[in-house]
Amino acid sequence: MNKDNNVAQGNVPVTLPADCIYEIIQYFVHDMKTLHSCIALNQTFCQISIRILWSNPFKYVQDEVKRSLIFQTYFSCLDDKEKEQITPFLKKSVSYFPKPFINYPSFLQEFEINDIQASMRVFLRQYYSATPTENRINSIVRILNPFIEKLLFNDQSNFKYVNVDLNDHQISVERNQIDMSSFNNEVLEQVLSNIKKFSFGFNFKFDTKKMEFLKFVQRNASILANIISNHNKDIQHVRFSFTVLHTREHRNGTKKLIKIRTEYDKLLEILKTFILSLNNLKSLETHCFSKNVDFANLFIKHSHSLVYLKLHDIFSCSTVLNIIDRCPNLRTIELTSFYFNGINDVDLISIFDKPISSNLIHLKNLYVRISHSSVLKLFERIVLMSNNGLKTLFYGRQDIYNPFTNHNVTSSIQPFCANLTHLFIIVTAGREFSCTVSFMKSLKHLVHLKLSCSNSLKDDAVTELAHSFSQSLKILEMDYLVVAEKLKVLLENVHCNFKEISIFARINDAILKVIMEYASRKNSLKKLRYMNDKNVLYFYQPQLTTQILEEAKDLFIVEDSTEPFTKSFLKSIF
């Protein structure tokens with residue numbers, strides 16, 4: 001067969017440039033199974049896929065054994081002399097961990113200290129010759145940490161993201177954590193001056209025995225904040241993640257605990273100064289600092305650059321409103337947890353009754369977990385400020401019976417939500433049901449619906465709800481309050497063609513048959529996801545037989561769901 005015939009029959013192999021292959025792989029960069037398949041395709045695909053898989057190998061692996069294998073690979077990359085200091089504890093020879101031909105640590109682009117420490121501990125427990133005590137593991141970690149520091153943090157490192165999450169769950173002394181403050185300053189400057197995202201976090205309990213750990217956190221925060229402030233002022237994405245547990249003794253205010261409180265306030269001052277030192281902050285995710293810190297003033301400098309704001313542990317709705325009023329260019333607001341102690345609803349709500357003086361004309365995404373009447377008022381006000389530009393809305397409201405919230409929020413926000421494409425909503429049989437149906441009918445562009453629907457709804461109410469769904473709707477997610485009879489009524493009365501249905505519960509044959517009937521009737525369903533967590537108890541004992549499951553797989557893809565139902569529609573920046 002000559003060359004012309006080969007061309008005519010399409011048998012000429014096509015060789016794509018590496019840049020093109022990289023762009024192709026970006027379409028399935030989060031699909032671990034496909035990426036692993038690419039390794040065996042050819043040399044170019046292999047090189048690019050390995051670089052992506054090892055840019056943050058812990059990111060998509062939850063299984064402890066597999067995480068241990070990741071760390072084993074890193075351990076194997078150490079020099080033999082370094083391994084010799086650890087292998088005697090494991091009753092293994094250095095030859096048991098041969099150095100790989102590929103320098104996997106050089107591919108790391110997202111350094112997450114917690115993942116590395118946790119996988120290290122699993123690795124040591126797995127290979128230790130006898131069942132080790134926690135103290136024994138800690139002693140080996142202290143020896144191993146400096147080697148891992150040099151292996152991952154050096155002048156060849158090219159990190160885009162550094163996440164230093166220090167916690168004191170079982171690890172109350174600093175020597176059991178990688179201590180960033182002990183690193184070579186030149187290396188730290190070189191690495192931190194190039195990162196695009198930075199996270200710093202800690203879990204802390206007010207306890208006199210925790211002073212050493214608090215000092216450790218302080219020291220790490222200080223060195224990292226100073227270097228980034230001096231060498232990377234234009235970093236755009238910052239996250240602080242800290243949880244503080246208050247003991248009874250702390251509330252009583254003993255002298256030793258007052259001293260801890262003073263040191264803790266110094267730590268907050270370091271973080272506060274760091275935020276104020278930056279020039280062009282675009283996204284900030286943080287817990288609210290404390291009532292002793294003028295939290296709203298931290299946002300003055302970044303009022304026009306900030307486009308993404310995520311707050312946890314909010315102690316004041318009025319503080320949030322002050323921040324939002326100062327940040328007119330926000331595109332995304334996420335408010336995830338509120339803590340109120342004896343706050344007067346009348347005083348708070350009067351703040352939100354003032355005329356709106358600023359607008360959020362760029363706001364596209366709003367996520368609020370509503371747990372209090374004041375939060376409901378805050379939610380309403382943000383929507384009214386959005387100028388009908390919202391695309392995704394997490395309306396996670398529970399029934400809040402309060403004399404100061406007797407007006408209908410759903411009705412008031414409806415004119416400002418006409419362009420929604422993604423919605424989370426809780427539907428109950430209470431007084432707002434008719435307003436909820438009216439709200440749903442107004443959403444002509446809705447594509448993705450997370451629906452938390454009470455089983456107390458009667459069949460005619462479920463039918464009415466189904467009729468309110470827009471024909472544009474393609475994805476339906478429902479929480480664990482799902483029974484076959486209600487689901488059947490819902491799916492028989494919708495006018496939309498779902499491409500994907502997710503049920504965050506363990507399903508039985510009856511539920512699966514209802515979905516199969518819908519798939520056969522509509523011929524649009526491509527995927528079903530459901531939760532298969534045997535550790536979660538439900539109101540019924542589900543029975544899903546292999547035969548029905550296999551029949552379903554002939555109609556659509558069936559997957560175990562792993563993502564939480566209340567997860568935001570948006571992928572986190574961090």
Original post:
For residues Gln156 and Ser106, is any side-chain donor paired with an opposing acceptor at under 3.5 Å?
Top reply: no
**OP:** Verify the distance criterion only: is there a donor paired with an acceptor across the side chains of Arg219 and Ser181 at less than 3.5 Å?
**Re:** yes
Original post:
Is a donor on one side and an acceptor on the other found under 3.5 Å between the side chain of Asn419 and the backbone of Asn388?
Top reply: yes
**OP:** Mark yes or no for whether Asn56, through its side chain, and Gln109, through its backbone, hold a donor-acceptor pair below 3.5 Å.
**Re:** no
Subject >> Atom of Leu423, atom of Leu420 and distance for their closest heavy-atom approach >> reply: CD1-CD1, 4.2 Å
Subject >> Verdict with supporting geometry, Asp265 and Arg261, salt bridge (Lys or Arg N to Asp or Glu O under 4.0 Å) >> reply: CA-CA 6 Å; Asp265 287 343; Arg261 178 80 229 188; 3.2 Å; yes
Original post:
Crowded around Glu64 CD? As in, over 12 foreign heavy atoms under 6.0 Å?
Top reply: no
Original post:
What do you reckon, is NZ of Lys66 surrounded by more than 12 foreign heavy atoms closer than 6.0 Å?
Top reply: no
Subject >> Neighbour count above 12 (heavy atom, 6.0 Å) for Lys474 NZ >> reply: yes
**OP:** Tell me whether the guanidinium CZ or amine NZ of Lys272 lies under 6.0 angstrom from the six-membered ring centre of Phe289 and within 45° of its axis.
**Re:** no
**OP:** Mind running side-chain contact (heavy atoms from CB on, under 4.5 Å) on Leu335 and Phe394 for me, showing each step along the way?
**Re:** CA-CA 10 Å; Leu335 310 174; Phe394 190 98; over 6 Å; no
Original post:
Does the ring pair (Phe, Tyr, Trp, His ring centres under 6.0 Å) test come out yes or no for His448 and Phe569, once each step is laid out?
Top reply: CA-CA 9 Å; His448 190 159; Phe569 290 108; 4.9 Å; yes
**OP:** Check the surroundings of atom CZ in Arg326: do more than 12 heavy atoms from other residues, nucleotides or ligands lie under 6.0 Å from it?
**Re:** yes
**OP:** For the pair Phe295 and Phe299, name the ring-plane relationship: parallel under 30°, tilted 30 to 60°, perpendicular over 60°.
**Re:** perpendicular
**OP:** With rounding to the nearest 0.5 Å, note down the distance linking CG in Leu151 to CD in Glu82.
**Re:** 7.5 Å
Original post:
Is the ring centre of Phe97 less than 6.0 Å from the ring centre of Tyr127?
Top reply: yes
Original post:
What is the ring orientation for Phe242 with Tyr264, classed by angle as parallel under 30°, tilted 30 to 60°, or perpendicular over 60°?
Top reply: perpendicular
Original post:
Run the side-chain contact (heavy atoms from CB on, under 4.5 Å) check on Ser568 and Glu334 step by step: do they pass?
Top reply: CA-CA 9 Å; Ser568 171; Glu334 298 193 51; 3.7 Å; yes
Original post:
Would Met211 and Lys259 satisfy side-chain contact (heavy atoms from CB on, under 4.5 Å), going step by step from the backbone distance to the final call?
Top reply: CA-CA 9 Å; Met211 181 63 83; Lys259 186 176 180 181; 4.0 Å; yes
**OP:** Go through the steps to decide whether Leu311 and His287 satisfy the test side-chain contact (heavy atoms from CB on, under 4.5 Å), and finish with yes or no.
**Re:** CA-CA 6 Å; Leu311 299 179; His287 290 241; over 6 Å; no
**OP:** Please check if atom NZ in Lys233 has more than 12 non-hydrogen atoms from other residues, nucleotides or ligands closer than 6.0 Å.
**Re:** yes
**OP:** Measure up the Phe574 and Tyr161 rings against each other and bin them: parallel (under 30°), tilted (30 to 60°), perpendicular (over 60°).
**Re:** tilted
Original post:
Can we call the ring centroids of Phe379 and Tyr395 under 6.0 Å apart?
Top reply: yes
**OP:** For the pair Phe123 and Phe75, name the ring-plane relationship: parallel under 30°, tilted 30 to 60°, perpendicular over 60°.
**Re:** tilted
Original post:
Is the number of heavy atoms from other residues, nucleotides or ligands within 6.0 Å of CZ (Arg125) greater than 12?
Top reply: yes
Original post:
Within the distance-only criterion (no hydrogens, no angle test), does the side chain of Lys301 pair as donor or acceptor with the backbone N or O of Leu276 below 3.5 angstrom?
Top reply: yes
**OP:** Check the side chains of His312 and Ser337 for a donor-acceptor pair under 3.5 angstrom, ignoring hydrogens and angles.
**Re:** no
**OP:** Please assess Asp115 against Arg67 for the test salt bridge (Lys or Arg N to Asp or Glu O under 4.0 Å), listing each intermediate value before the final yes or no.
**Re:** CA-CA 9 Å; Asp115 287 338; Arg67 282 182 162 227; 3.1 Å; yes
Subject >> Validation row, ring centre His372 to ring centre Phe338 under 6.0 Å >> reply: no
**OP:** Determine yes or no for a side-chain-to-main-chain donor-acceptor pair under 3.5 angstrom, with Ser229 supplying the side chain and Asn226 the backbone.
**Re:** no
**OP:** Might you work through the side-chain hydrogen bond (donor to acceptor under 3.5 Å, both in side chains) test for Asn220 and Asp179, ending with a clear yes or no?
**Re:** CA-CA 7 Å; Asn220 277 264; Asp179 188 352; 3.1 Å; yes
Subject >> Heavy-atom donor-acceptor pair, Asn280 side chain to Asp234 backbone, under 3.5 Å >> reply: no
Original post:
What's the verdict on salt bridge (Lys or Arg N to Asp or Glu O under 4.0 Å) for Lys567 and Glu477, showing C-alpha distance, side-chain angles and the deciding distance?
Top reply: CA-CA 11 Å; Lys567 182 179 179 181; Glu477 298 186 40; over 6 Å; no
**OP:** Search all heavy atoms of Val65 against all heavy atoms of Asp63 and return the closest pair with its distance.
**Re:** N-OD2, 3.1 Å
Original post:
Which heavy-atom pair separates Ser305 from Leu281 by the least distance, and what is that distance?
Top reply: OG-O, 2.7 Å
Subject >> Glu285 side, atom CD; Arg239 side, atom CZ - distance, nearest 0.5 Å >> reply: 5.0 Å
Original post:
Can you name the closest pair of heavy atoms from Ile324 and Met385 and give their distance?
Top reply: CG2-CE, 4.0 Å
Original post:
Is a salt bridge present between Lys215 and Glu212, judged by a nitrogen-to-oxygen distance below 4.0 Å?
Top reply: no
Original post:
Step by step, would you call Lys450 with Asp479 a salt bridge (Lys or Arg N to Asp or Glu O under 4.0 Å)?
Top reply: CA-CA 8 Å; Lys450 288 176 180 271; Asp479 64 3; over 6 Å; no
**OP:** Inspect the surroundings of NZ in Lys196 and state if more than 12 heavy atoms from other residues, nucleotides or ligands are less than 6.0 Å away.
**Re:** no
Original post:
Can we call the ring centroids of Phe424 and Phe565 under 6.0 Å apart?
Top reply: yes
Original post:
Of all heavy-atom pairs between Ser386 and Leu363, which one has the smallest distance, and what is that distance?
Top reply: CB-CD2, 4.1 Å
Original post:
Between Tyr74 and Leu108, what is the shortest heavy-atom contact and its length?
Top reply: OH-CD1, 3.5 Å
Subject >> Donor-acceptor pair, side chain of Ser157 and main chain of Leu152, under 3.5 angstrom >> reply: yes
